[in-house]
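One structure is given here, and the rest of the page talks about it.
Residues take their numbers from the sequence shown, with the count starting at 1. Just follow the structure's listing: the first ligand is 1, and inside any ligand the first atom is 1.
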Amino acid sequence: MKLRKSLGQHMLVDRRVISRIVGYAELSEDDVVLEVGCGTGNLTSALLRKCSVVGIEKDPLMVKRLRERFSDFIGKGRFRLIQGDALKVDFPYFTKFVANIPYKISSPLTFKLLKTDFRLAVVMYQREFAERLCGEDNRLGVISKTYCKAEILEIVKPSSFNPPPKVESAIVRIVPEPEVFVENRELFEKFVTFAFSMRRKRMGKIVQEFRKRYGVELAVNKNLAEKRPEELGARKFAEIVVGE
Ligand SMILES: C[S@@+](CC[C@H](N)C(=O)[O-])C[C@H]1O[C@@H](n2cnc3c(N)ncnc32)[C@H](O)[C@@H]1O
């Protein structure tokens, strides 16, 4: 079968990795897993042994194969498959999100997930994206801390996929409990985005530029004024915006 690179079609073929992903998700029979990008269905099959699954898959050829492979589960109402773009279709009801996603849509898909009600997510990302999501020295990591806790559970080698991608991957566990609370999310995200677009500048200067651009006065103490955005972390950013 010809796989489409443009759709990020790198199938997870290492059974031990698949089984660990299912273990990390701590599934019970009542769970309904949302899996984005079911592909040929290797992860889907392991998930279906534990609970119900709703899949969203963009490629009509994969959808056809999946409907054949899992016709029994579809008949029993244990598997439902939506053909479409996960960024465009409304997410159906689910309790947990478990997926080896197309890496190209990592950022918008993650924010779509974070704005949904769910209990736990176990997601395969490109390693570099996973490190940014779990870190605090970048825009993605700082903003995500106001939605969730995220941690890398393991690094996965390219040889676990067919065809092997050029990059390493990482399995991330996401719990929807904010590490940092912000009241004015819009202002917080605007300021964090602005700060990381000027990452060479120090916070004192960034706050001045922000006032000039948006007319919003934010205060930083002497100590923070000397720091660069990547040295702050989500909590300090939130303190600056709260002190508005
Ligand atoms: C990395 S593969 C994972 C396949 C399978 N889950 C596995 O682990 O072997 C990503 C899958 O996402 C599908 N896909 C790509 N873009 C998508 C999108 N925007 N919405 C839904 N599925 C998409 C691809 O067709 C592909 O089957």
Which atoms of ligand 1 have any heavy atom of Ile56 under 4.0 Å away? 21 (C), 22 (N)

Are any of the N or O atoms of Leu12 closer than 3.5 Å to those of ligand 1? yes

Just distances here: any N/O of Asn42 and N/O of ligand 1 closer than 3.5 Å? no

Between His10 and ligand 1, find which residue part has any heavy-atom pair under 4.0 Å and reply side chain, backbone, both or neither. backbone

Is Glu57 close to ligand 1, meaning an N/O of one under 3.5 Å from an N/O of the other? yes

Decide salt bridge (Lys or Arg N to Asp or Glu O under 4.0 Å) for Glu209 and Arg213; before the verdict, give the C-alpha distance in whole Å, the side-chain angles of both, and the deciding distance to 0.1 Å. CA-CA 6 Å; Glu209 296 285 329; Arg213 174 89 60 93; over 6 Å; no

Using atom types as modelled, flag every donor-acceptor pair under 3.5 Å from a side chain in residues 133-142 to any protein atom, sequence neighbours excluded.
from   : atom 1 : to     : atom 2 : distance (Å)
Glu136 : OE1    : Ala234 : N      : 2.7
Asn138 : OD1    : Leu140 : N      : 3.1
Asn138 : OD1    : Gly141 : N      : 2.8
Asn138 : ND2    : Arg132 : O      : 3.0
Arg139 : NE     : Thr193 : OG1    : 3.0

Ligand 1 to Ala86, heavy atom cutoff 4.0 Å, flagged ligand atoms 18 (C), 19 (N), 20 (N), 21 (C)

Examine ligand 1 and decide if any of its atoms is less than 4.0 Å from a heavy atom belonging to Gly84. yes

Determine whether any heavy atom of Glu35 lies closer than 4.0 Å to an atom of ligand 1. yes

Backbone or side-chain N or O of Gly37 under 3.5 Å from ligand 1 N or O: yes

Please work out, at 4.0 Å between heavy atoms, whether the side chain, the backbone, both, or neither of Ile105 comes within that distance of ligand 1. side chain

Using a 4.5 Å cut-off on heavy atoms from C-beta on, say whether the side chain of Asp30 contacts that of Cys51. no

I want to know whether Phe118 and Phe97 have ring centres closer than 6.0 Å. no

